[in-house]
Number of protein chains: 2
Amino acid sequence: MTEITNNRFEHLLDLHHLKKTGPRLKVLAMMSAKNTATSQPDLEGLMEDVDRVTLYRILNVFEEKGIIHKIFDLNGTANYAICTSNCQEHLHHDEHLHFNCIVCNKVYCLNDLSLPAFNLPPGFKADGFTLYASGTCPQCNRK
Amino acid sequence: MTEITNNRFEHLLDLHHLKKTGPRLKVLAMMSAKNTATSQPDLEGLMEDVDRVTLYRILNVFEEKGIIHKIFDLNGTANYAICTSNCQEHLHHDEHLHFNCIVCNKVYCLNDLSLPAFNLPPGFKADGFTLYASGTCPQCNRK
DNA sequence: AAATTAAATGCATCATAGTTGCATTTGTGA
DNA sequence: TCACAAATGCAACTATGATGCATTTAATTT
Ligand SMILES: [Mn+2]
Ligand SMILES: [Mn+2]
Ligand SMILES: [Zn+2]
Ligand SMILES: [Zn+2]
């Protein structure tokens, strides 16, 4: 993790009026080090010296602030990924494709993919949507 | 519940070589009596005299056989709905829109809505997908 | 109709995910 | 450096879901 990356995280915490603490910076470092979402169990393993409860509280406040978003995978396990843009406090815009590999179980946030338009039956009013796909990821296809 | 409906369920269990037991027929009756998916906690409440574990086992075997499918709502709670068609053992085709109301929390299976096509980045191979939308449902919009 | 048997259920127990209350510590602004 | 709100840690608790094993029961065979 570079100095400049760490500064970016500190700035991010500042922006949201959150104290720059070790556990919080570590969560951001862990999550940003990967190109996929991180499951809660994995994260708990990575954050060894940090209390479980503290981790839950960090994840909750980060989600509320629009720093990260939560994705439930095929097994109902919570996964977390850093929001790339547009997300604000209590107003997420994570309308991208989430790809869940059925081999390695990884969840990919495919932000660049624009979702096609669709319409709802009368009476329904949508304010958010997500497309989930499941299958095999590039890594697992190669083998 | 009509006689003919009950017969349909018994036939369904026969088809999948499952014994026609009280708990199983009750699960099917409860789920088919609604136009939305049923959450696991709700189902557990409805199945009072049936053991929790039995309910889990029924839900698991029904899902395996392609009789019902599982949808996780915004809170990560498991919801179940009867499959309308096309689903087979270990091969679900529930590629429809799931609408999660943020007021009443209900999950609607909008089977009739055809999903628009989309394409994946190179290397990804999808074998299933679901579109999730969240917002307010017709009932909750009326108030 | 009675016996047989695999399948299904119930009960005890366990594991994991997530929450809450409260005491202690720590980051930050004065 | 002081004061204080915010953050963390610890204990305890709830909820969801799984597993092992004894008992019951639906479906098949005699
Ligand atoms: Mn995402
Ligand atoms: Mn559905
Ligand atoms: Zn994979
Ligand atoms: Zn509603």
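Lettering of chains follows the sequences in order, A, B, ..., and the numbering in each one begins at 1.
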Report summary line: Rounded to whole Å, CZ of A:R52 lies from P of C:dA15 at a distance of 14 Å
Requested in this report: Find which nucleotide of DNA chain D each of B:G76 and A:V50 is nearest to by heavy atoms, and output the residue with the more 5' nucleotide.
Outcome: A:V50
Query - D:dG9 base / A:R57 side chain donor-acceptor hit below 3.5 Å - result: yes
Query raised in the report: Expressed in angstrom and rounded to an integer, what is the separation of A:Y80 atom OH from C:dA17 atom P?
Result: 11 Å
Query raised in the report: Taking for each residue the nucleotide of DNA chain C with the nearest heavy atom, is it A:P41 or A:D14 whose nucleotide lies nearer the 5' end?
Result: A:P41
Report task. Look at all strands and tell whether B:Q40 reaches a base, only sugar-phosphate, or nothing, counting heavy atoms closer than 4.0 Å. Result -> sugar-phosphate
Query raised in the report: In this structure, are over 12 heavy atoms from other groups packed under 6.0 Å from A:K125 atom NZ?
Result: no
**Report entry** Bend angle of the helix from C:dA1-D:dT30 to C:dA30-D:dT1, end axes from five pairs each (to 10°)
**Finding:** 30°
Requested in this report: Just call it for B:N75: base, sugar-phosphate, or nothing, with non-hydrogen atoms closer than 4.0 Å on any strand.
Outcome: nothing
**Report entry** Check: C:dG27 base within 3.5 Å donor-acceptor of A:R24 side chain
**Finding:** no
Query - Plane angle bin for A:F124 and B:Y108 - parallel if under 30°, tilted between 30 and 60°, otherwise perpendicular - result: perpendicular
**Report entry** Separation of atom CG in A:L59 from atom C1' in C:dA17, rounded to whole Å
**Finding:** 12 Å
**Report entry** Nearest-Å distance for atom pair NZ/C1', residues B:K70 and D:dA18
**Finding:** 12 Å
Query raised in the report: What is the distance from CG of A:L15 to C1' of C:dT28, rounded to the nearest Å?
Result: 17 Å
Requested in this report: Would you tell me if any nitrogen or oxygen in the side chain of A:Y56 comes within less than 4.0 Å of OP1 or OP2 on C:dT19?
Outcome: no
Query raised in the report: Between A:Y132 and B:Y132, is the gap from one ring center to the other below 6.0 Å?
Result: yes
Requested in this report: Please report the shortest heavy-atom distance between A:N105 and A:N100, naming the atom on each side.
Outcome: O-ND2, 3.4 Å
Report task. State, without any angle test, whether A:T136 and A:N141 hold a side-chain donor-acceptor pair at a distance under 3.5 Å. Result -> yes
Please list every donor-acceptor pair under 3.5 Å in which a side-chain atom of residues 48-57 of chain B meets a protein atom from a residue at least two apart or in another chain.
unit_1: B:D49; atom_1: OD1; unit_2: B:K26; atom_2: NZ; d: 3.1
unit_1: B:D51; atom_1: OD2; unit_2: B:V53; atom_2: N; d: 3.0
unit_1: B:Y56; atom_1: OH; unit_2: B:Q40; atom_2: NE2; d: 3.2

**Report entry** Under 4.0 angstrom between B:T21 side-chain N/O and C:dA7 OP1 or OP2
**Finding:** no
Query raised in the report: Can you check the A:K20 NZ to D:dA5 P distance for me, whole Å?
Result: 20 Å
Report task. Take atom CD1 of A:I58 and atom C1' of C:dG27, then tell me their distance rounded to the nearest Å. Result -> 14 Å
Requested in this report: Evaluate the ring planes of B:H96 and B:H69, with Trp represented by its six-membered ring, and classify them as parallel (under 30°), tilted (30 to 60°) or perpendicular (over 60°).
Outcome: perpendicular
Query raised in the report: B:H16 NE2 to C:dA7 P: how many Å, rounded?
Result: 17 Å
Query - Distance test, side-chain N/O of B:N60 to OP1/OP2 of D:dA18, below 4.0 Å - result: yes
Query - Residue whose closest nucleotide on DNA chain D lies nearer the 5' end, A:V53 versus B:F72 - result: A:V53
Report task. Report the distance from atom CG of B:L13 to atom NZ of B:K19, rounding to the nearest 0.5 Å. Result -> 12.5 Å
